[in-house]
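Note sheet for the following structure.
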Amino acid sequence: MSNRSLIGEFTKGLIEENATFRMVIGMCPTLAVTTSMVNGFWMGLAVIFVLTFSNVFVSVLRKVTPDEIRIPVFVILIAAPVVIVELVMNAYLPDMYRVLGIFVPLIVVNCIIIARAEAFAYRNSVIRSAFDGLGIGTGFMLDLMLIGAIREFLGTGTVTVGSMVFPPKPLFEPMAVMLTPPGGFVTLGILMAVLNILVQRSASKKAKVEA
Amino acid sequence: MKFISIMLAGVLTSNFIFMQYLGLCAFVGLSEQFETAIGMSGAVIFVMTFASTVAALFEQFILVPFGLEYLRTIAYILVIAAFVQLVEIFLKKTAPSLYKALGIYLPLITTNCAVLGVAMLNVKNDYGVLWGTVNGLAGALGWSLAIVIFAGIRERWKFMNIPAALKGFPLALISTGLMSLAFLGFSGLFKTVLN
């Protein structure tokens, strides 16, 4: 059982237990859909929805789920919200659905969602699980948007949000390689390395203050 | 001709790891040792090939005739999970030595997005049962090629002096990126062969 406050359950997903940079899971969509910030936003929104509902379903049924067959049960409980997202997206956002392609149905096998079901929702109350799902999902969405914004900026020279384009004209020759798979791998690798350096710095500062 | 083009595409030009980002968790997680990588490759080749057959049969004889295409995601994941379980039981009884070699990797494959991904791609490309199976085999071979090469590279890290901030995942991702850049070069070759 977790002893955080409800707000704490939400905010831990943003930094402390961030899916991409701290737990390093669910990497396939992280790299595949982040060719622009808007793609990252919609993919993130889909994951928030699925994660919140799958966490709630798993938590509601946690006392009647036999231990031996819990993984197949989780998979079915996760598949239900994924199908809902798929149908809704196909109906109301057909263009985005086409861009995200098979990665929308593949949310079903995303490690983040199974990991949260197994590690959190199966052991905690319904309300806590809902906040945990919202928090981890929001953290994941912010990761996707950050990576998407960096790749879009370097790859096309601008970042487009709706009808706004920033900066209005590319400031440099766009590097198209950032939009291809190699660019995705390298961007995420360098971001993680930078984060590691920041964490080490703050840790050594803390050590100095204590000494 | 179609056989050659599907095989070439699966292994080189649209390699699952380097070009389509499928099955990355297992790729990074199980590539630290050469033997582990080989074991996982065997299991993936076996499961992915036959899972695409089973999924394509399911599509052709159950989902389409009854108009249930909208349940595809749920149906496929259940079919794959059941298939993996079946393979596990079958191997345990009939080929214990093979089971010992692949056993621990089999449950991991259920949540490997490459297996569900190839089944989805087969539907998207309208491949049917036969070509779907070929595509599954090709994708699995490409995945195995990637993880075996990568495991070879990773084993050498032990003797190198790596900056602390790059250790582990960051360096793994950057080297995957460089390998992916190399595989990008194959796209030209494929066009030449076809024309």
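If you're wondering where the values come from, they're calculated on a predicted model, not measured in any experiment.
Put simply, the side chain of B:Leu181 does not reach to within 4.5 Å of the side chain of A:Val186, judged on heavy atoms. Using a 4.5 Å cut-off on side-chain heavy atoms (C-beta onward), B:Tyr70 and A:Asn90 make no contact. Side-chain contact between A:Val83 and B:Arg72 is absent, with no heavy atoms from C-beta onward closer than 4.5 Å. A:Pro105 places none of its side-chain heavy atoms less than 4.5 Å from the side chain of B:Leu116. Side-chain contact between B:Ile77 and A:Ile76: absent, with no pair of heavy atoms (C-beta onward) separated by less than 4.5 Å.
Proximity to chain A (any heavy atom under 4.5 Å) is restricted, for B:Gln20, to the backbone atoms N, CA, C and O. Residue contact with chain B, scored on non-hydrogen atoms closer than 4.5 Å, involves the side chain of A:Ile114 exclusively. For A:Leu87, the part lying under 4.5 angstrom from a heavy atom of chain B is the side chain only. Looking at B:Val28, only its side chain comes within 4.5 Å of chain A, counting heavy atoms on both sides. Both the backbone and the side chain of A:Ile190 come within less than 4.5 Å of a heavy atom of chain B. Only the side chain of A:Val177 comes within less than 4.5 Å of a heavy atom in chain B; its backbone stays farther off. Both the backbone and the side chain of B:Ala164 come within less than 4.5 Å of a heavy atom of chain A. Both the backbone and the side chain of B:Ile74 come within less than 4.5 Å of a heavy atom in chain A.
In this structure, the separation between CE on A:Met192 and CG on B:Leu171 is 12.0 Å, given to the nearest 0.5 Å. Note: B:Thr73 OG1 to A:Ile107 CD1 = 10.0 Å, rounded to the nearest 0.5 Å. Note that CG of B:Leu166 and CG of A:Asn196 are 8.0 Å apart. Values are rounded to the nearest 0.5 Å.
Within 6.0 Å of CG on B:Leu178 lie more than 12 heavy atoms contributed by other residues, nucleotides or ligands. More than 12 heavy atoms of other shown residues, nucleotides or ligands fall within 6.0 angstrom of atom CZ in A:Phe21.
Comparing A:Cys28, A:Ala193, A:Ala79 by how many heavy-atom pairs each has under 4.5 Å with chain B, the most go to A:Cys28.
Here the closest heavy-atom approach between residue A:Ile197 and residue B:Ala165 is recorded as CG1-CB, 3.4 Å.
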- Query: Checking side chain to side chain contact (heavy atoms under 4.5 Å, CB included) for the pair B:Tyr76/A:Val109: CA distance, chi angles, key distance, verdict?
  - Reply: CA-CA 11 Å; B:Tyr76 275 19; A:Val109 282; over 6 Å; no
- Check the pair B:Leu173, A:Met27 against side chain to side chain contact (heavy atoms under 4.5 Å, CB included), reporting the backbone distance first and the verdict last. CA-CA 10 Å; B:Leu173 285 167; A:Met27 267 190 299; 4.1 Å; yes
- Task: Go through A:Thr30 and B:Leu24 one step at a time and tell me if the side chain to side chain contact (heavy atoms under 4.5 Å, CB included) criterion holds.
- Result: CA-CA 10 Å; A:Thr30 309; B:Leu24 282 180; over 6 Å; no
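For A:Phe185 and B:Tyr21, the gap between ring centers is short of 6.0 Å.
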